[in-house]
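Each remark here refers to the structure printed beneath this line.
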There are 2 protein chains.
Amino acid sequence: MSLASHTRRPAAPPAAELTGAMFIGSRRVTGAGAVAHSHDARTGQLLEPAYAGGTPEDVAAACQAAEDAFDTYRNLHPWHRARFLETVADNLTALTDALVARAHQETGLPTARLTGEIARTAGQLRMFAAVLTEGSWLDARIDPAQPGRTPQPRPDIRQQHIPLGPVAVFGASNFPLAFSVLGGDTASALAAGCPVVVKAHDAHLGTSEFAAHAVRAAVVTHKLPDGVFSLLVGDGPTLGTQLVTDPRIQAVAFTGSRAVGLALAHTAASRPQPVPVYAEMSSINPVVLMPGALAERATSLAEEFVASLTLGAGQFCTNPGLLLAVDGPDLQTFLQTASRAVAADAGATMLTPRIAKSYRVETETVASHPSVQVLARGAQPDSAGPGQAVLMTARAADVIADPDLQREMFGAAALVVRCDDPAQLAETLRRLEGQLTATLHTALTDTEDARALLPLLERKAGRVLANGWPTGVEVGHAMVHGGPYPATTDARTTSVGSRAIERFLRPVAYQDLPQELLPVALRDDNPYNIPRRVDGEASPRPGS
Amino acid sequence: MSLASHTRRPAAPPAAELTGAMFIGSRRVTGAGAVAHSHDARTGQLLEPAYAGGTPEDVAAACQAAEDAFDTYRNLHPWHRARFLETVADNLTALTDALVARAHQETGLPTARLTGEIARTAGQLRMFAAVLTEGSWLDARIDPAQPGRTPQPRPDIRQQHIPLGPVAVFGASNFPLAFSVLGGDTASALAAGCPVVVKAHDAHLGTSEFAAHAVRAAVVTHKLPDGVFSLLVGDGPTLGTQLVTDPRIQAVAFTGSRAVGLALAHTAASRPQPVPVYAEMSSINPVVLMPGALAERATSLAEEFVASLTLGAGQFCTNPGLLLAVDGPDLQTFLQTASRAVAADAGATMLTPRIAKSYRVETETVASHPSVQVLARGAQPDSAGPGQAVLMTARAADVIADPDLQREMFGAAALVVRCDDPAQLAETLRRLEGQLTATLHTALTDTEDARALLPLLERKAGRVLANGWPTGVEVGHAMVHGGPYPATTDARTTSVGSRAIERFLRPVAYQDLPQELLPVALRDDNPYNIPRRVDGEASPRPGS
């Protein structure tokens, strides 16, 4: 696909000053609602500037701007949107120093991790630019007319994807860049042709404002309609609910807790016109240690496990929170090594004092369960929101008996489930709720038993891993970051990887439209030069 | 793709006697619930045999049989399922005489239409067999490992679609074959690898039992697990609710009224584990008559319109129930011709006396609206469920003012909306709810104005037509029979055409699985010989 007609424009340098104002399209608006501040995650100290929450009028204005932008934005040449996303990535990269410094303050996450997260976020935007350029995302199809068919002639029917409309995005606290203002939800919605209204996460307001600068500057550079992107500030129960119930919003994307995800889903389903909610919620990511694997490498498995468990203070949706194994000497070796490693863990500052408190409550609820034994605790760091690693164990019969032992402890806590035999292990898996991931550690001798477990793991999770750890989610074309309820509200989708764009699209068929009325992507001469299916068969692109 | 290894087995002759028993897998079970009968649609006379409704235990048994069958059935070679679907089509075709005779009695639909519907239903099953054989439905993807990538190596990640699990199907009354026991929902769910539990529509119980024979015989022929298909009898509020709330059911497909569709969606969303509901509900299918088209051919448009309106007593989801045009002499010509044609219409027996009564209530509600003028009524046929064509008109300002004038009148009734100017016509369209279809009639002189309306029509409907009529839904690869709420509960899907299979699938990623544990479709040597995407790029099949 030739890009000759689309030269790269120089990026306008995004402003790097925080003001505390929202973006309603290009308008900087200081809210008239409750004032919020971010806080230094380690010291608890209040950070400037103040962010005043948006009013119902601000929400309506942002949604109307998005609606006004929609038809123009969605009908741009897809390459135009691709160049826009690349400029957003460039702008984001240009802001690295300011973003890392602020995000480090606001989240307590290490600067190296945050620098990597910016690269991931920019890479994600560029991946969607490549997706737009390649063209399969439109899923263009042509079933040509058959005028001579009997008993009735067949009309000409063509199909493409069109975007749903304005999208509301609620970012996650644990990835202030990759799952926030410019994260995968925003990138995939913008790629699809949907204007986006983001509600900033109140734990990283400054990081959010910087990220919004990056996209707003790109909107100007590419002369896009003003309402393509807005950033609102406010609390979830009021402003968030107003946003989700606004009739102009046509889909909602969210990453966070189960309680909030379900509340959003309920709100969206109760609208006069219900809209889809893509909520990525809770997962405890079961890991099965097969007997051969334990016999072969119990010690190294334990070390790898604790490294995965404590990474980022355990604040990953894919954190390995539940291990399952048949009890015996090899599992005991594993537990001893893992206990030593957890006890040696220094702990880390959690994203917010509230998350740290919730983590303590969840772990203490599980730890005080009569069937649970605490094996080890790490150190408690000196911090406003200290995160202390905890390793616990319970017998499978007790886990089967009490579903409450499946509760997510968002942080570096795990429960090791000791099973009497492989059948009980399988039964424990069968009782689990839906998950983002499920992992098997195997040796060659485990192959047959592992194969028997796979149908069960497939049904429970969006991603099945062998001999690895679930933390770390590749951004690619084959990734699924999703899974059966309650891991997400829609198991048919992914929030990471190129097919995340599908969440914001729907197919439309066009019957017997004359060439001059057909969408560009479906015209006979294939002006976008994209792959199309003719009578269900892939058709080579003219240019290839 | 060579089929040499899969020889066609001779179809077992399906039994052609009605017994009044349900199928719980292969078991013939006579219910212990309330007894129901079908009725002759024209005479109202009760038809034998009696069908006794299933108990909660029967529902649970059918769902358990489906669950027990699931893993075996979904892991069959897709060609095996393809041959099964072809045998179902053969069996259905072999039953044509018995099916047409019974369906004609039960529905009042003409025998020629029913014969055509059997061909359509069999064709639909064969289309899904071809889809399974071609292989794109699996959407297999491979992102190969990059062991040398820095800072971290990239794992090997592969993806395929897997089926959701057992599916509950609720057939429609108006297509006793193509949207019922063996209709598009069942065909696409079985193709996807999902066992199906059908609740028979109580308006065509005998037709349903015959159709179930066709699939049960094919289950035996192909030695499939017993619970792949069950047929239950019972009423919607009790047995239907039990079916939708059964924890083994993982998706629901429905075609029918908005009230029932919304009730099912609410029930499914209230489960401990919510599941998707694909309900195809109500649509009034707006048709815009552009000024140039009216000037050029008002008379022929009127004749075509009334033919489409009265086809099948107007009992199509895609019936043209709302026409829009700018008022003037050409529209008056159209209305005069259409009125004459409606007045000359003989009427027809509707599917059931209940549907006929509901149609009378709906049309009288609209006809008695102070803003509505009745232009013509057809004859009232002598029948237990008489359907009388009705043509009405109202001013656009009144339709805009009262959303209740958008109500669906399921039958041969239409409202012609007279607009003052093109802007008011566009505003009326903007106020419409979501639709299955939206149609434009244009002349060359209308091109610019029609193009301006297209973004609006796309947003309102799943299918946009030019210069045709929406009744008649092609079964192909580009068809969308779906649309924004309340046309359906999920605008991202279609219930007709090859992509209907997508409703019952979800993606799963496999990370670093050794070859011997990978799903067959994803192994290096591509044993199914299907198209796969490697790093997002289409990869040629080895055999092509």
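Each chain gets a letter, A, B and so on, in the order the sequences are listed, and its residues count up from 1.
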Can you tell which part of T447(A) gets under 4.5 Å to a heavy atom of chain B, answering side chain, backbone, both or neither?
both
Return the set of residues passing side chain to side chain donor-acceptor pair (under 3.5 Å) with E67(B) (not counting sequence neighbours), or none when no residue passes.
R459(A)
Of all of A509(A), G536(A), A466(A), which one pairs up most often with chain B through heavy atoms under 4.5 Å apart?
A509(A)
Do Q273(A) and E433(B) have side chains that get closer than 4.5 Å, going by heavy atoms?
no
Do E458(B) and P519(A) come close enough that some side-chain heavy atom pair is under 4.5 Å?
yes
Contacting region of I162(A) [heavy-atom separation from chain B under 4.5 Å]:
side chain
Hey, which of P151(A), A461(A), G476(A), G434(A) has the most heavy atom pairs under 4.5 Å with chain B?
A461(A)
Quick check: closest heavy atoms across I157(A) and A478(B), and the distance to 0.1 Å?
O-CB, 3.4 Å
Indicate yes or no for a side-chain donor-acceptor contact from R74(A) to the backbone of P455(B) under 3.5 Å, with no hydrogens or angles considered.
yes
Given a strict heavy-atom distance threshold of 4.5 Å, which part of D143(B) is in contact with chain A: side chain, backbone, both, or neither?
both
Taken to the nearest 0.5 Å, the spacing of D490(B) CG from D490(A) CG works out to 7.5 Å
Write down the atom of Q159(B), the atom of V480(A), and the distance for their closest heavy-atom approach.
NE2-CG2, 3.4 Å
Just give me the residue among D139(A), T493(A), V131(A) that pairs up with chain B most often, heavy atom to heavy atom, under 4.5 Å.
D139(A)
Looking only at R463(A), Q160(A), R503(A), R154(A), most heavy-atom pairs under 4.5 Å shared with chain B are made by R463(A)
For H481(B), which atoms come within 4.5 Å of any heavy atom of chain A: side chain, backbone, both, or neither?
neither
Relative to chain B, which segment of H266(A) carries a heavy atom at a distance below 4.5 Å: side chain, backbone, both, or neither?
neither
Heavy-atom closest pair, residues P507(A) and A491(B):
CD-O, 4.0 Å
For Q515(A), side chain to side chain contact (heavy atoms under 4.5 Å, CB included) partners two or more places apart
R158(A), L518(A), R523(A), D524(A)
Which bit of R271(A) comes within less than 4.5 Å of chain B, counting heavy atoms only: side chain, backbone, both or neither?
neither
Heavy atoms under 4.5 Å from chain B: which residues of residues 467-474 of chain A carry them?
E474(A)
Portion of E502(A) that has a non-hydrogen atom of chain B nearer than 4.5 angstrom
side chain
Atom CZ in R451(B), atom CG in L513(A): separation rounded to 0.5 Å?
11.0 Å
Here the pair of heavy atoms bringing Y485(B) nearest to P272(A) is CE2-O, 3.2 Å
Among P486(A), G116(A), S136(A), the residue with the most heavy-atom pairs under 4.5 Å to chain B is S136(A)
Mind checking salt bridge (charged side-chain N to carboxylate O under 4.0 Å, His left out) for D512(B) and listing every partner two or more places apart, or none if nothing turns up?
none
Q152(A), part contacting chain B, at a heavy-atom distance under 4.5 Å
neither
Quick one: does any side-chain atom of Q511(B) pair with a main-chain N or O of L465(A) as donor and acceptor, under 3.5 Å?
no
A450(A) portion near chain B, given a 4.5 angstrom heavy-atom threshold
both
Which atom of E516(B) lies closest to which atom of L444(A), heavy atoms considered:
OE2-CD2, 4.2 Å
Interface moiety of L505(B) toward chain A, non-hydrogen atoms closer than 4.5 Å:
backbone
Does the side chain of R533(B) reach to within under 4.5 Å of the side chain of S498(A), using non-hydrogen atoms?
no
What are the two closest non-hydrogen atoms of R506(B) and R492(A), and how far apart are they?
CB-CA, 3.9 Å
